[in-house]
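Every number for a ligand or one of its atoms is a count from 1 in the order of the listing. Because the structure is predicted, anything quoted here is derived from the model rather than measured. Just so you know, these numbers use all the heavy atoms, side chains as well, and skip hydrogens, waters and symmetry mates.
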Amino acid sequence: NVTLTIDGQKVTVPENYTVLEAARSAGINIPTLCYLKEINEVGACRVCVVEVEGARTLQASCVLQVQDGMVVKTNTKKVREARKAVVELMLSNHKGDCTTCERNNKCELQSVANDLGVKEVAFEGEMTETYEDTSSPSVVRDPGKCILCGRCVSVCSKVQNVGVLGFTNRGFETIVTTAFNKDMRDVPCINCGQCIAACPVGALKEKEEIDYVWDAIEDPNKHVVVQTAPAVRAALGEEFGLPMGTRVTGKMAAALRRLGFDKVFDTDFAADLTIMEEGHELLDRLENGGKLPMITSCSPGWIKFCEHYYPEFLDNLSTCKSPHQMLGAVVKSYYAEKNGIDPKDIYVVSIMPCTAKKFESQREELQSTGYADVDSVLTTRELAKMIKQAGIDFVELPDEDFDEVLGESTGAAVIFGATGGVMEAALRTVAEVVTGKELEKIEFEQVRGVEGIKEATINLGDKEVKVAVAHSTGAASKLLDQVKSGEKEYHFIEVMGCSGGCVTGGGQPHVTMKDRMTKDIRKERAKALYEEDEAKTIRKSHENPMIKKIYDEYFGKPNGHKSHELLHTHYVK
Ligand code: HC0
Ligand code: SF4
């Protein structure tokens with residue numbers, strides 16, 4: 001440990017701490033903009049400067065290692081003026097349309113400027129060109145709002161191992177963009193939206209689809225069905241001031257009904273359906289010499305990553321569609337037939353924590369009934385906007401249930417939203433199908449948690465099955481490289497495109513810098529899902545009575561003819 005003095009306070013911290021972290025641990029908030037813990041620690045914006053005794057110039061605290069006996073001042077006139085000057089300079093070249101900006105009230109630049117008491121900004125001379133690149137189905141980019149912090153660049157290259165964003169030009173001309181300034185649509189972006197989650201301002205945002213959904217709701221000829229992903233219920237409350245990790249499943253169902261949707265279904269039902277299909281697909285591959293390891297296929301950012309960067313693994317992907325696409329196909333077939341509705345009059349909306357789902361829903365191969373399985377995808381943030389637009393007092397809503405039949409789900413389904421959840425849900429079912437016996441313990445702790453790559457060996461009767469779980473496409477790359485080189489061998493792999501799984505998807509509520517410093521968002525939100533799992537009476541997908549019903553009435557058996565027509569897909573090399 002190391003002891004230093006910050007603003008007259010003696011502070012003892014581990015020696016690998018930065019001055020920024022040491023100050024936060026002592027309750028002193030140093031403002032930051034370019035800093036993103038462990039991902040972008042570059043000291044570029046200089047908003048976090050401090051005075052250090054003996055140093056001639058101000059130091060960026062986010063990259064300054066603590067030292068024994070160091071004396072630091074974070075709140076002197078010199079420091080305050082330097083910080084203010086930095087922010088004023090940024091604002092003087094910033095498209096200042098705050099009130100209509102996506103990030104109004106959730107903008108880190110705005111809040112730092114406020115905190116520092118910036119009152120006037122001189123707009124002189126040229127400004128960076130502002131325009132919106134709306135070519136991507138998922139991510140919209142406006143360089144006129146970019147503050148060149150580099151957070152998106154680092155996330156895209158270091159965490160996701162994609163690297164389609166970078167700095168170009170020099171000096172005042174510098175912008176963050178794609179190679180040769182191409183449209184987002186024309187670069188191998190995987191649509192994960194992690195750059196949006198990293199952006200402190202409104203330079204990156206999702207492609208909004210709210211108006212299409214309002215139009216559908218308004219249209220008397222449309223039967224509008226909505227479904228919600230597992231991870232949305234773990235984060236939506238944050239948009240309404242509830243603490244991170246608050247479960248809002250019941251309020252969310254109530255809000256959707258009040259917005260005017262005709263049916264409120266749950267993607268969790270389809271997660272159970274996925275386990276039936278994917279579990280039996282795995283057993284078939286194990287028994288009949290199919291391609292192994294089998295890799296999960298529910299995360300569309302991961303699928304795009306695999307198609308672009310690891311096409312040699314495409315035959316390893318499960319052929320299962322992702323759950324929300326399955327549910328869309330079921331709504332436009334089984335549900336439409338049962339209720340005598342023409343599928344052309346049905347409009348399916350998915351509420352997802354994910355921006356890549358927008359891209360996925362537009363894929364041509366995901367139109368099994370002749371119509372798109374899913375018509376619109378809204379992020380958790382977009383749903384919150386709709387609720388606010390409708391004037392619904394979310395926090396005061398009663399808890400309501402999803403609608404029957406496609407709203408019934410198990411604990412296995414809800415944990416899909418956290419890394420390791422799909423694997424655990426699959427193991428709960430596969431183990432019981434193989435052994436014919438009830439599991440004594442249904443929790444598979446080995447695949448839980450936020451470690452980048454997790455491994456386990458599971459005994460299934462007389463078989464040993466080796467499994468691995470990776471989250472973030474960067475971690476997936478590492479794992480696949482090991483599989484490719486023969487260093488590692490597995491039967492079954494779960495990959496989720498985002499670090500932490502869907503709970504930290506690119507469409508989830510933005511998180512303040514303070515919360516980022518003090519909490520592991522991935523764990524807080526995952527906790528809500530594991531709690532919901534524990535609270536359910538039925539916790540295994542194959543025991544969902546509505547899943548049994550739909551196989552009896554419609555699909556016959558998992559991986560049967562009808563399943564293949566509606567619930568499975570193929571990939572693009
Ligand atoms: Fe997920 Fe899903 S678990 S990808 O993370 O499998 O987005 O939450 O909806 O479809 O169910 C996201 C979350 C889903 C799907 C499910 C899967
Ligand atoms: Fe990179 Fe993902 Fe953003 Fe695309 S969406 S630019 S892959 S971080």
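Atom CD of Q194 is separated from atom SG of C354 by 9.0 Å, given to the nearest 0.5 angstrom.
Aromatic ring centres of F265 and Y335: separated by under 6.0 Å.
There is a side-chain donor-acceptor pair under 3.5 Å between E360 and H324. Side-chain atoms of T130 and D142 form a donor-acceptor pair, as typed in the model, at a separation below 3.5 Å.
A salt bridge links R539 with D533: the closest approach of a Lys/Arg side-chain nitrogen to an acidic carboxylate oxygen falls below 4.0 angstrom. No salt bridge links E206 with K358; every basic N to acidic carboxylate O contact stays at or beyond 4.0 Å. Between K205 and E132 a salt bridge is recorded (basic side-chain N to carboxylate O distance below 4.0 Å).
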Return a table of N or O atom pairs, ligand 1 on one side and protein on the other, at distances under 3.5 Å, rounded to 0.1 Å.
residue	atom	partner	partner atom	Å
ligand 1	8 (O)	P230	N	3.4
ligand 1	8 (O)	A231	N	2.8
ligand 1	10 (O)	P323	N	3.4
ligand 1	10 (O)	H324	N	3.0
ligand 1	10 (O)	K357	NZ	2.9

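The minimum heavy-atom distance linking Y571 with S318 is given by the pair OH-O, 2.6 Å.
Note on atom 4 (Fe) of ligand 2: protein N/O/S atoms under 2.8 Å are C189 SG.
S135 places a side-chain N or O within donor-acceptor distance of the main-chain N or O of R185, the cut-off being under 3.5 Å.
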